[in-house]
There are 2 protein chains.
Amino acid sequence: MFLVSFVPLQPDLPLGSPHERSDAARNRERLLCAARELVDEFGAEALTMDALACKAKVGKGTVFRRFGSRAGLMMTLLSDAESDFQRAFMFGPPPLGPGASPAERLTAFGEGRIYFVLENGELLKAAGAATRNRFDVPATKLSHRHMEVLLREAGIADPWVMAMSLTYALDPERIVDDVRVRGISPKRLTDSWRDVVARLMRPA
Amino acid sequence: MFLVSFVPLQPDLPLGSPHERSDAARNRERLLCAARELVDEFGAEALTMDALACKAKVGKGTVFRRFGSRAGLMMTLLSDAESDFQRAFMFGPPPLGPGASPAERLTAFGEGRIYFVLENGELLKAAGAATRNRFDVPATKLSHRHMEVLLREAGIADPWVMAMSLTYALDPERIVDDVRVRGISPKRLTDSWRDVVARLMRPA
DNA sequence: ATAGAAAGCGGACTGCGGTCCGTTTAGTAT
DNA sequence: ATACTAAACGGACCGCAGTCCGCTTTCTAT
């Protein structure tokens, strides 16, 4: 059995920091707390780094030292939920986790992701929007890798590229906007996903 | 035969402007010219609205009056090329235009779009990035509609949603980054697209 | 306890997209 | 020609993400 380490969901600085100074720890807590309050009250979209610094009674530089960027902050805020989902599709029970066929797992993965996105949509959109190459969101990379493996098992010719296509088809911005802006029901999205996977993976 | 009007690629103000004032026309020309020079020299990514205003010897307000936003400017810059591609898949010869089977047309459409994106990648990325809901890029809407029609002809259950999935899979940012950042060859992209379409549309 | 070094801090500053509004100018009606 | 009006103009201004750098705090070694 391999020693698996989770993808760090927040790029929270060069791993293995020897010791976090006490003032740094205190400020990080203050910032996360303030950020959660602001998101709850006004939504992730509306959160500005200045407002956060102000609310947490901290200098703006400190905010960026902690999180690197707005996207980094959003990823940190997401990390608990993402970790749960990661665990579920990597180690959880089938059909999401190992034990089911690739097609079943991929179907379950997409459905899970759609619901996950709908619950954490604002955060995910904000995390993706604020980043060059939304693909450099670590969770997205892992997602891609997972789909790639399943597609390979199913005998797809170029699983890497096809996984990329599917990654983009599950883009948070797309899902959130389909549901909230264009009025598509989540059920239509998951049904269509089932259909896509079934068609892609059924034997010739 | 229907009277078909092209989707206006630049939201270049409330259609049917009665008369464009001569100074406005002059400035529009100056702006487009300056914009093209800046893009040629430094790339679309690097074009700033201030620099454009300055180079065109025009106030910044004028730039935004003309084009509405950075995205609007990019769309205007793209409009010739986009129109050609639109014409090709709507009225041109098969397999891109009418006359071939839906599967063939969809395959050709994706391939065409991939090459189109690779030629005009910077502009497209800039146009899409600068817009909330990249779906409100008019050309994207038309693209979606085209794919929806083809999918419906092929008997797909929810062509609207599936077309949306495919739209995102052909996202300019995705394609450009796959090729330029992640080193995927265009051929792998088009091959994978062929594969996806073949699998999606082959009869049960 | 104390001194030195490194990590952390804060907020002024930059650059950008986009808005606002008082001023100018092109067309039109007389 | 003249006066009037609506359109166009320009650039100061705003809010935001992200950077910079001189100052402060915490930890460590003695």
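First the proteins, then the strands, lettered A, B, ... as listed; each starts at 1. What you see is a predicted model; the values in this text were computed from it and never measured.
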For this session: Could you tell me whether a side-chain N or O of H144(B) sits under 3.5 Å from a main-chain N or O of L166(B), the two making a donor and an acceptor?
Result: no
For this session: State whether the number of non-hydrogen atoms from other residues, nucleotides or ligands found under 6.0 Å of R26(B) atom CZ is greater than 12.
Result: yes
Please list each protein N or O that sits under 3.5 Å from an N or O in nucleotides 19-22 of chain D, with the distance.
none

For this session: Could you tell me whether the side chain of R174(B) and the main chain of M164(A) form a donor-acceptor pair under 3.5 Å?
Result: no
Exercise. Quick one, which residues of residues 49-59 of chain A touch DNA chain C with a heavy atom under 4.0 Å?
Worked result: V58(A), G59(A)
Problem set entry | Heavy-atom neighbours of R182(B) CZ exceed 12 at 6.0 Å | yes
Seminar exercise, completed: Taken in chain and number order and not counting sequence neighbours, the residues that satisfy side-chain hydrogen bond (donor to acceptor under 3.5 Å, both in side chains) with N120(A) are none
For this session: Take the protein atom CZ of F42(B) and the nucleotide atom P of dC16(C), then report the distance between them rounded to whole Å.
Result: 13 Å
For this session: Could you tell me which residues satisfy side-chain hydrogen bond (donor to acceptor under 3.5 Å, both in side chains) with D50(A), sequence neighbours excluded, listed by chain and number?
Result: K60(A)
For this session: Let me know the distance between CZ of R70(B) and C1' of dT19(C), rounded to the nearest Å.
Result: 18 Å
For this session: Could you check whether L73(A) gets within reach of a base, just the sugar-phosphate, or nothing at all, counting any heavy atom under 4.0 Å?
Result: nothing
Exercise. Can you pull the ring pair (Phe, Tyr, Trp, His ring centres under 6.0 Å) pairs that have at least one residue in residues 68-87 of chain A, sequence neighbours excluded?
Worked result: F85(A)-F89(A), F85(A)-F109(A), F85(A)-F116(A)
For this session: Using the side chain to side chain donor-acceptor pair (under 3.5 Å) rule, collect all pairs that involve residues 106-119 of chain A, keeping only residues at least two apart or in two chains.
Result: E111(A)-R194(A)
For this session: Verify, without hydrogens or angle tests, whether R70(A) (side chain) and L47(A) (backbone) share a donor-acceptor contact under 3.5 angstrom.
Result: yes
Exercise. How would you list, by chain and number, every residue that makes a side-chain hydrogen bond (donor to acceptor under 3.5 Å, both in side chains) with R105(B), sequence neighbours excluded?
Worked result: none
For this session: Look at the side-chain N and O atoms of N27(A) and state whether any lies under 4.0 Å from the OP1 or OP2 oxygen of dG8(C).
Result: no
Exercise. Over how many whole Å does the gap from F67(B) atom CZ to dG10(D) atom P extend?
Worked result: 14 Å
Exercise. If the sugar-phosphate is the primed atoms plus P, OP1 and OP2 and the base is the rest, what is the B/S/- string for nucleotides 22-30 of chain C, using protein heavy atoms under 4.0 Å?
Worked result: ---BSS---
Exercise. Tell me the side chain to side chain donor-acceptor pair (under 3.5 Å) pairs involving residues 94-104 of chain B, sequence neighbours left out?
Worked result: S101(B)-E104(B)
Exercise. Looking at residues at least two apart in the chain, or sitting in another chain, which of them share a side-chain hydrogen bond (donor to acceptor under 3.5 Å, both in side chains) with R180(B)?
Worked result: none
Exercise. OP1 or OP2 of dG10(D) less than 4.0 angstrom from a side-chain nitrogen or oxygen of T62(B), does that happen here?
Worked result: yes
For this session: For residues 33-43 of chain B, pull every pair meeting side chain to side chain donor-acceptor pair (under 3.5 Å), keeping only residues two or more places apart or in separate chains.
Result: E37(B)-K55(B)
Exercise. Rounding to a whole Å, what distance do you find between E45(A):CD and dA17(D):P?
Worked result: 11 Å
For this session: Determine to 10° how strongly the helix from dA1(C)-dT30(D) to dT30(C)-dA1(D) is bent, judged from the axes of its five-pair ends.
Result: 0°
Exercise. Atom CZ of R66(B) to atom P of dA7(D): distance rounded to whole Å?
Worked result: 13 Å
